[in-house]
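One structure follows; several queries about it will come next.
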2 protein chains.
Amino acid sequence: MLKSISTARTQQGTFTPVEKQMFGAALLIEPEISSTLDQASELGQTGYSSSLLQQLTCVTKRFRHLNAEQYLLRQQDSFESLFVVKKGALKSYRLTPEGEEIVTGFYLEGDVIGAGGLGNQKHFYSVVALEPASLYEIPFAKLLQLSTMEPIVQQLMLKLLSQEMQADQSLRLIQLKQVKAAIASLILNMANRLTTTQLTLPMSRVDIANLLGVASETVCREFTRLQKQGLLSVNRKHIVINDLPQLQQAAGADCC
Amino acid sequence: MLKSISTARTQQGTFTPVEKQMFGAALLIEPEISSTLDQASELGQTGYSSSLLQQLTCVTKRFRHLNAEQYLLRQQDSFESLFVVKKGALKSYRLTPEGEEIVTGFYLEGDVIGAGGLGNQKHFYSVVALEPASLYEIPFAKLLQLSTMEPIVQQLMLKLLSQEMQADQSLRLIQLKQVKAAIASLILNMANRLTTTQLTLPMSRVDIANLLGVASETVCREFTRLQKQGLLSVNRKHIVINDLPQLQQAAGADCC
DNA sequence: CGTATGTTTGACCGTCGTCAATTGTAGTGG
DNA sequence: CCACTACAATTGACGACGGTCAAACATACG
């Protein structure tokens, strides 16, 4: 349900940890890609790669700040940049012809926004901040330009898109489940990403309902049911996980 | 619901119609990309592009034939090729931990299979033929190699991935709708692609049910309901559209 | 012709959507 | 600092949609 399947990682290698973190945060480097970078350096392309790195870190130095309710981009905006969430939370959604909101995902720290526009001229969803948020901005033109010089960048872009696709797919899996399981999955996913048993949801019940395609009342009822079963403590947006194993079972093996 | 949003097209230009069709069928060229190709040629890169074209047509000359029920690829297979459906129909699916089948899409003539693996080592779904099918095979390694020489190929790959993502997204929209609307959309999409009011479904009721996340009985009931309303004539897998405008309305503006 | 499989239909019941009332919380202005 | 207001969240009642079980039926294949 959340856009990123994995979080950015750093590794010891040819690049300094700081550089890697920067690069990783910007492009969600997986371990294997990270080592690809290392290998590239080891293969005598160090000069080339480090200049690449310089350009990338340069590119990612742009920042953008949003207040709650402010839009990062709107459906049909022309595609110009990728964004990486540095802090805060956002949601993406589309509108049905009837004006209903269909939430397509939530973005937390480290998530990449806009990969879906990589092959298109236009974005096909709007993205709005749920709380004050700051983001890195990566101009797509710059990225494309770099990619012609460095195949690694191209692979990264492909990987980004694939990840976003996989995230969408697991979202589909969630929707097919019982609502109870979907909620449990949502909570678990949030908790995993934040590595804590206590969390504050950035999104409203309505947002969750629109993500799962159910009524907001149903979301409420499932929250209270999970609380009565002792798996969660719920107080509005504040959630405490009381019984992790049971919750995982309720999620029904979050799968894939 | 169906994987491709648009079908391959041919245009008059630098390349011969036959070449274009080949290229278009293989990579789902959009008009604007197609004209990009033309522009590239006009900008004096003709030699380069036509060698690209030669390589592409060469690459796409590989064929693959499947009987019904035969697998094109299985979940966790390593990613080696893209496929383009030349004839026939296939479905892709994943299994839940409980062993339930979740259909992720149907592929008809002209559809591209496997774009989701572009950034990954493994495919995350299985693909099986619903009826005898023949496909073009495009080795990924070759494609990547070409893309380092020709930015256009890279753009095409990005576009392919984006298209697959958009298809997934519209699938999500369908799932959130009423089952009736979902079925109507499915039929309309099939009919549009085949440009006819009379069609034979390649997939079973169970497959449709697994795609939409409902019971197969529900699919049956909606089919008969649409028939009783006079929108469709249904006889097992044979469908005739009797009232297109009404059907489109039932689909509820297939949107986006 | 007979069996296996896919399809259709009916009966029953649980889940979830809708409508509505109530509570709780945060933000506003006095 | 305290009402007052607006809105999110919660809970209840009721009905419809869709899942499950079961049976009847049609079609394909041997």
Side-chain angles (χ1 to χ4, degrees), chain A residues 67-69 89 91 96 98-103 128 130-132 174-184 186-187 200-229 232-240 250 252, chain B residues 67-69 89 91 96 98-103 128 130-132 174-184 186-187 200-229 232-240 250 252:
Chain A
N67 296 321
E69 318 258 310
K91 72 170 175 183
T96 66
E98 296 80 35
E100 292 174 78
E101 190 174 296
I102 296 186
V103 174
V128 62
L130 294 166
E131 57 189 25
I174 288 171
Q175 289 185 319
L176 294 175
K177 292 186 203 173
Q178 311 246 47
V179 179
K180 176 182 165 186
I183 305 257
L186 182 74
I187 299 297
T200 301
L201 300 176
M203 71 292 282
S204 72
R205 299 287 190 266
V206 176
D207 286 333
I208 297 175
N210 287 337
L211 178 78
L212 302 177
V214 299
S216 60
E217 292 94 330
T218 303
V219 175
C220 280
R221 292 196 180 100
E222 291 307 330
F223 266 118
T224 53
R225 192 179 304 182
L226 286 168
Q227 184 169 27
K228 278 178 185 165
Q229 292 176 351
L232 294 179
S233 295
V234 181
N235 188 305
R236 295 221 149 221
K237 297 198 151 82
H238 300 283
I239 309 286
V240 180
Chain B
N67 295 321
E69 319 258 311
K91 73 170 175 183
T96 66
E98 296 82 33
E100 292 175 78
E101 189 175 298
I102 296 186
V103 174
V128 62
L130 294 167
E131 57 188 26
I174 286 171
Q175 290 185 318
L176 295 176
K177 292 186 203 172
Q178 310 244 47
V179 178
K180 176 181 166 186
I183 306 257
L186 182 74
I187 300 296
T200 301
L201 299 177
M203 71 292 282
S204 71
R205 299 286 190 267
V206 177
D207 286 333
I208 298 175
N210 287 337
L211 177 79
L212 302 177
V214 300
S216 60
E217 293 94 328
T218 303
V219 176
C220 281
R221 290 193 182 102
E222 292 307 330
F223 267 117
T224 54
R225 193 179 303 183
L226 287 168
Q227 184 169 28
K228 278 179 185 164
Q229 292 176 349
L232 294 178
S233 295
V234 181
N235 187 303
R236 296 221 149 218
K237 297 199 151 79
H238 300 283
I239 309 284
V240 179

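Lettering of chains follows the sequences in order, A, B, ..., and the numbering in each one begins at 1. These values consider heavy atoms only, across backbone and side chains, with no hydrogens, waters or symmetry-generated copies. Quick caveat: nothing in here was measured; it's all calculated off a predicted structure.
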> C:dT9 phosphate, OP1 or OP2: any side-chain N/O from B:T224 under 4.0 angstrom?
Replying inline: yes
> Pick from B:H238, B:R236, B:E131, B:K237: which one makes a side chain to side chain donor-acceptor pair (under 3.5 Å) with B:T200?
Replying inline: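 The residue from B:H238, B:R236, B:E131, B:K237 that satisfies side chain to side chain donor-acceptor pair (under 3.5 Å) with B:T200 turns out to be B:H238.
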> Within this structure, what is the CD1-to-P distance between A:I208 and C:dG17, rounded to whole angstrom?
Replying inline: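 Result: 14 Å.
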> When you check the phosphate oxygens OP1 and OP2 of C:dT7, does a side-chain N or O of B:K237 lie under 4.0 Å from one of them?
Replying inline: yes
> C:dG17 C1' sits how many Å from B:K180 NZ, rounded?
Replying inline: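 The answer, rounded to whole Å, is 17 Å.
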> Has A:R221 got a side-chain N or O lying under 4.0 Å from the OP1 or OP2 atom of D:dT10?
Replying inline: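 The answer is no; no side-chain N or O of A:R221 sits under 4.0 Å from OP1 or OP2.
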>> Under 4.0 Å, heavy atoms only, any strand: does A:E222 hit a base, just the sugar-phosphate, or nothing?
In response: sugar-phosphate
>> What contact category does B:R205 fall into here, base, sugar-phosphate, or nothing, at under 4.0 angstrom with non-hydrogen atoms?
In response: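 Counting heavy atoms under 4.0 Å across all strands, the contact made by B:R205 is with sugar-phosphate only.
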> Is there side-chain contact between A:I102 and A:N210, with heavy atoms separated by less than 4.5 Å?
Replying inline: no
> Can you check the A:F223 CZ to D:dA8 C1' distance for me, whole Å?
Replying inline: 14 Å
> A:F223 versus A:T218: any side-chain heavy-atom pair under 4.5 Å?
Replying inline: no
>> Can you tell me how far apart CG (B:L130) and CD (B:E69) are? Round to the nearest 0.5 Å.
In response: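 The CG atom of B:L130 sits 8.5 Å away from the CD atom of B:E69.
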>> From CD of B:E217 over to P of C:dC13, roughly how many Å is that when rounded to an integer?
In response: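 It works out to 17 Å between those atoms.
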> Taking C-beta and beyond as the side chain, do B:V234 and B:T224 meet within less than 4.5 Å on heavy atoms?
Replying inline: no
>> So for the helix from C:dC1-D:dG30 to C:dG30-D:dC1, with five pairs setting each end axis, what is the inter-axis angle to 10°?
In response: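 The helix from C:dC1-D:dG30 to C:dG30-D:dC1 shows an end-to-end axis angle of 40°.
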